[in-house]
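No hydrogens, no waters, no symmetry mates; every other heavy atom, side chains included, goes into these values. Computed from a prediction, not measured in an experiment: that's the story for all the values here. Ligands are counted one by one from 1 in listed order, and the atoms in each one are counted from 1 as well.
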Amino acid sequence: MSNCAIVGINWGDEGKGRMVDLLTEDYDVVVRYQGGGNAGHTVINDKGNFALHLLPSGIFRDGVVNILGNGVALDPQNLWNEMQDVMSKGVALTPENLKISDRASLLLPWHREMDELEEQRLADKKYGSTKQGIAPFYSDKYQKKTVLAGELFYPDKLKEHLTGLLEWKNLILTGVYGAKRITENEINEWIDTYCEKIKPFVCDTGEVLKNASMNGKKILFEAQLGSLRDLDYGIYPYTTSSNTIAAYAPIGSGFPGAKIDRVLGVVKAYSTCVGEGPFVSEMFGDEAEELRKAGNEYGAKTGRPRRVGAMDLVATAYGIEVQAATEIALTKLDVLSFMEKIPVCTHYITDGKQVDRFPFPAALDESTPVIEYKDGWMEDISKVRKWEDLPKNAQDYVLYIENVVGCPIKYVSVGPERESIIIR
Ligand code: GDP
């Protein structure tokens, strides 16, 4: 048995989806273990061009079993819409290749509205939420105020449970936010329109994983977002509301005893960050615009322009540490081909001192980057498939990063397509 987690090392959008799509060739099961439809994992392969939000990126491979674990924010409406979209492009989704944990909590119709209302209330102090209801969902989950997917098999109990929750939530919606009440009819319609559609896929995925493991099958855990968005280890409060780190994969998958042998950390060859929060190596003005355009850095889910910056070695080394990454995939190296000199953030100046340890979140706002410049290669590398064919300066850039962060860079990607990869 050899299991692997594919995780983001930075702020997300590192290209995890393409790495899962590539590696699924060697794995039997792919599990999403946290997060919800607020992600956008881009996968480009022989079946087309997809931005997956909640579906595991293994759904394109025949014979791979895909699981949405108990740790995800299971939004029946978004999931069903996404499933229909993927199926309309010729990808088969059946209860054999897609399984939803009966212990996954459901993102309820009011969670998205709560997200929107709270961001509106915060106005210019907002967190930059994708407004998919993820934060209200996880807070309610930990308050034990949502329902489990498996309750769909107990319709009478489910209705009673939801009626109780609705009574409570309407007090908040109307009393705190002055918003409209949600009616029982709306909830019943939501059950019929969306929950009933996903019900055939709901099962005891813990048993599926246990049996897969006993039969020597290999499991791939797919994370959403990155280390710096982890609820406990990230740039709180500008984190997501779940744990993005590999250590959470066994818990969020339904197989708490799972052993993870490989942790593949995905790192972008420069930095990007969507939404609010401190971003020490951020670039501005024309320089930033040029990089954003070259990397097509616009959110897969929201279309928002991503903030871009120099490769941040301080944040990356920390991200690798909290993920306990055993190897790295360095993505989007081709994007830097236009740069004569490539900026790299080697240290921060924090509280007047030069540091290489990622600081406590509250100290980030006052931190400034120490930037060094590396020589660029100024030629198209998108067709390169072998390490020895990369220009010397590109090799040096990769080796430099590898040396500073102390983790082997096993993959270097030079284009979004499945085959645009150099395996070292
Ligand atoms: P994820 O959420 O970590 O899966 O990442 P996203 O899908 O949000 O963002 C990665 C983006 O970069 C997608 O548009 C990918 O198609 C694209 N991409 C991934 N790897 C490469 C690469 O090596 N080169 C280029 N040019 N684009 C890439």
Practice task
Look only at interatomic distance and state if Ile44 has a nitrogen or oxygen under 3.5 Å from any nitrogen or oxygen of ligand 1.
Solution key: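 Such a contact does not occur with ligand 1.
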
Handout entry: Nitrogen or oxygen of Gly12 less than 3.5 angstrom from that of ligand 1
Key =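 Not met; the criterion fails.
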
Handout entry: From Asp334, Val412, Ile422 - option closest to atom 24 (N) of ligand 1 by heavy atom
Key =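 Ranked by closest heavy atom to atom 24 (N) of ligand 1, first place is Asp334.
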
Problem - Minimum non-hydrogen distance to atom 28 (C) of ligand 1, winning option of Lys268, Lys332, Glu297 - result: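 Residue with the shortest heavy-atom distance to the ligand atom: Lys332.
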
Has the side chain of [X] got a donor or acceptor atom that lies under 3.5 Å from a matching backbone atom of [Y]?
{"X": "Thr331", "Y": "Ala269", "result": "no"}
{"X": "Asn70", "Y": "Ile251", "result": "yes"}
{"X": "Arg424", "Y": "Ile409", "result": "yes"}

Practice task
Measure across Trp190 and Leu162 and return the closest heavy-atom pair with its distance rounded to 0.1 Å.
Solution key: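 Scanning both residues, the minimum pair turns out to be CZ3-CD1, 4.3 Å.
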
Handout entry: Close approach of Gly415 to ligand 1, heavy atoms, under 4.0 angstrom
Key =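 Yes, Gly415 has a heavy atom closer than 4.0 Å to ligand 1.
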
Where ligand 1 meets [X] - atom numbers and elements under 4.0 angstrom, heavy-atom basis:
{"X": "Ser413", "value": "20 (N), 21 (C), 22 (C), 23 (O)"}
{"X": "Gly17", "value": "4 (O)"}
{"X": "Val335", "value": "26 (N)"}

Practice task
Pick one of side chain, backbone, both or neither for how Arg306 approaches ligand 1, counting any non-hydrogen atom pair under 4.0 Å.
Solution key: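 Near ligand 1, Arg306 shows its side chain, while the N, CA, C and O stay back.
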
Handout entry: Contact partition for Lys16 relative to ligand 1, non-hydrogen atoms under 4.0 Å
Key =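 Both parts.
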
Problem - Within-4.5 Å side-chain heavy-atom neighbours: Tyr400 and Val344 - result: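 Result yes, sub-4.5 Å side-chain heavy-atom pair found.
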
Exercise for the section: Examine the side chains of Asp312 and Asn10 and answer whether a donor and an acceptor come within less than 3.5 Å of each other. Expected result: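 Side chains of Asp312 and Asn10: no pair found under 3.5 Å.
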
Exercise for the section: Could you check Glu327 against Arg262 for side-chain contact (heavy atoms from CB on, under 4.5 Å), going step by step and ending with a plain yes or no? Expected result: CA-CA 8 Å; Glu327 60 200 87; Arg262 282 176 84 184; 2.7 Å; yes

